[in-house]
Amino acid sequence: MCAFFGFFSLSPLPDKAELPDSIPSSASLICQRGIAYSQDLKASYAAHGDRQLLACTEPYATWKWNLEAPSPGREDTPAEKILLRWERSGQLASVMNAMNGPFLVACRDPDAAAIHFLRDPLGQKDLFLAPAKDGVYFSDRLDTLARLPGLNHAHSPQAVADFLSLGYIPAPRTIYENILKVPGGFQATFSRDGKCSLSPYWHPKFAPAPGPHQWLEARKATEELLLHAISRRTEGLDRLGFMLSGGIDSGTLLGMTRRLLPDMPCQAYTVAFSEDAYDESSLAALAAQRQGIPLKVIRATPGDFSRLPSLLAVAGEPFADSSLLACGLCMEAANGETLMTGDGGDELFGGYRRYQAMIHRHRIPRPLDPLARLAARAAVALLPSPKDNRSRLANLVRGLGTFAKRPLEAYAAFQQVASPALRDALLASPQHPSFLESWKEELTQERKLHPPLPYNLLDLLHYLPDDGCRKQTIAAIATNTSLVSPIMDREILDFIQRLPIDFRVTTRETKRLLRSLSQEFLPQQATSLPKRGFGVPISSWFRGPLANTARDMARSLPQWDAKHLLNPQKVLAVTEEHIQGKADHGPLLWALFCLRHWEENTPR
């Protein structure tokens, strides 16, 4: 049973009310006046009259309150702490904003005659909801809700379209029409008539703090905040593992942790690839060697593709970030050890080159924009199609493509698995590009933000919770691994948003603050190279050892595409284009495999 699962009735029930018939009889659940929930070490329950609250948190989520004395006669659990502060302030949002790290909360609000579900701001935990008769099922795992008896398993065509565009399904959608995913930093509220509304209780605020900002002061403050975040997340641990990508984020955390806890037994893990453009294991080895800890190198091969189904089974829906496989390999090698990751470094500290591209894009005077787009499209048309996403040609095409599109479309292109035109050609029934509409609306409300802050906003609201954190959560559940991610500490998040954007990224340098701190812990090679991460060389794999696997996927589409989502002829065409080297469709083929897995294993 997952850590966070149960049923919340829309109205309070007597103490001995029976569980809904649809809950599996084998589930060991606790029933408390209209809420049935699974018992887990990280879940706690509290009730004051008709006000009920269930919290699933990490120990450090309520660290600000830990020094306060508990109320007499009441158990000092996270749920009790949250409920007491909610009653005192009358504002649930302000209490949630004082919490830190991953958390999920479900509560009954008698004042509003409603039940609320809340997910941590950066989406480090997943939260799925399935409305039912007289109540709502909730879980941190989509596959758990999908297996509930009697659930309507109608799929969402728009979710499939968004998946083929982005490689993930953006919240609040899931692959199922009748199950929603609570966005990070949002509150889902169900009234007693069963109607649901979504509202943010947290939103990024990029307004600089009053007074001048000094680089050295900001650097010192960042270092202190990171040390505090590491200290909170390592309290009580007797050993620790590190997932090293060879880059700045994980290497800096390793160095700072070793400075803070020099005697703690540590082990590092990294993934190696035979393709040079993807392999950073030598840099990870230098970082581990400098800190005096052993490094285990896991060599990824096309044969590891067979591990993908077990990871996707946990996801419960199509998910196509290829680095999920590399993360899963690392966590599997850790064998249950708590792992520290550098997640959030790119989003909080400005690590993506797309931010630099968007700064350049917005420097074009508005009257010249149509001419610039026309010239850029002509230049792209003259270039051959890249064969790999990390080649110099691919970087050139992406750079020119930034100027060939309108700004929001240019930003989206950095993440797209398939262009809008290709996506529509692949779908049997093309859908409207709704995710771009919601992004446009969000940016319209932030007109005064200086580039690249609008796109950093979108990453914090969508890419980080729906892709970055989601892949780590999937891999961690599949391998029974505990993760700690100090960079996503709430105090760091709040602090970094108040700094000038050029303290994080300029057209010449990304991750300026982290890069400055990293020089103490990493070799010069690691601090000067561009970001790579744990991406998998899927383009070369699908032209080589997995070519026949790709052809089989395309040719068997009529058998596995039971919902008739795709155009068989177009899938065959893009598969052959890729294998023959005419275009790079590696990420798209990976996404189609993930969709095939869901189709073949989804409940009917």
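Scope of the values below: all heavy atoms of this structure, side chains included, with no hydrogens, waters or symmetry mates. Please read these numbers as outputs of a predicted model, since none were measured by experiment.
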Shortest non-hydrogen contact between Phe128 and Thr174, atoms and distance: CD2-CG2, 3.8 Å

Name of the residue among Phe414, Trp439, Tyr411, Tyr355 meeting ring pair (Phe, Tyr, Trp, His ring centres under 6.0 Å) with Tyr455: Tyr411

Report, as yes or no, whether the 6.0 Å neighbourhood of atom CD on Gln289 holds more than 12 heavy atoms from other residues, nucleotides or ligands. no

So Phe117 and Phe138, would you call those rings parallel, tilted or perpendicular, with 30° and 60° as cut-offs? tilted

Check the angle between the aromatic planes of Trp598 and Tyr176 and answer parallel, tilted or perpendicular using the 30° and 60° thresholds. perpendicular

Taking atom types as modelled, find out whether Asn100 and Tyr60 have a side-chain donor-acceptor pair closer than 3.5 angstrom. no

Between the side chains of Thr341 and Ser485, is a donor N or O closer than 3.5 angstrom to an acceptor N or O? yes

Side-chain contact, heavy-atom cut-off 4.5 Å: Arg239 with Thr338? no

Pair Glu332, Arg307 - check salt bridge (charged side-chain N to carboxylate O under 4.0 Å, His left out), show working. CA-CA 11 Å; Glu332 184 180 77; Arg307 300 170 183 261; 2.4 Å; yes

A side-chain contact here means heavy atoms from C-beta on lying under 4.5 Å apart; do Tyr352 and Thr510 qualify? no

Could you check, using the six-membered ring where one of them is a Trp, whether Trp541 and Tyr278 have ring centers closer than 6.0 angstrom? no

When you measure from the centre of the six-membered ring of Tyr463, is the NZ or CZ of Arg354 closer than 6.0 Å and no more than 45° off the axis? yes

With side chains defined as the heavy atoms from C-beta onward, is the minimum distance between Asp584 and Arg543 less than 4.5 Å? yes

Using the benzene-type ring in the case of Trp, are the ring centres of Tyr168 and Phe435 under 6.0 Å apart? no

Can you tell whether the side chains of Arg119 and Asp126 come within less than 4.0 Å, N to carboxylate O? yes

Would you say CD of Glu235 has more than 12 non-hydrogen atoms from neighbouring residues, nucleotides or ligands within 6.0 angstrom? no

State, yes or no, whether a side-chain contact exists between Leu566 and Leu595 at a heavy-atom distance under 4.5 Å. yes

Asp552, CG: over 12 other non-hydrogen atoms inside 6.0 angstrom: yes

Do the side chains of Asp304 and Leu329 get nearer than 4.5 Å, heavy atoms only? yes

Does the ring center of Phe186 lie less than 6.0 Å from the ring center of Trp202? no

Ser250 side chain vs Ser245 backbone, donor-acceptor pair below 3.5 Å: yes

His578 and His585 aromatic ring geometry - parallel, tilted or perpendicular at 30°/60° bounds: tilted

If you define the side chain from C-beta out and look only at heavy atoms, does anything of Leu565 sit under 4.5 Å from Pro157? no

Walk me through whether Phe319 and Phe163 qualify under ring pair (Phe, Tyr, Trp, His ring centres under 6.0 Å). CA-CA 8 Å; Phe319 182 81; Phe163 168 72; 8.3 Å; no

Side chains of Lys582 and Ser385, donor plus acceptor under 3.5 Å: no

Pairwise side-chain contact, Thr473 with Lys125, heavy-atom cut-off 4.5 Å (strictly under): no

Could you go through Glu317 and Arg173, starting from their C-alpha distance and side-chain angles, then the distance that decides it, and tell me whether this counts as salt bridge (charged side-chain N to carboxylate O under 4.0 Å, His left out)? CA-CA 11 Å; Glu317 65 181 352; Arg173 283 192 179 88; over 6 Å; no

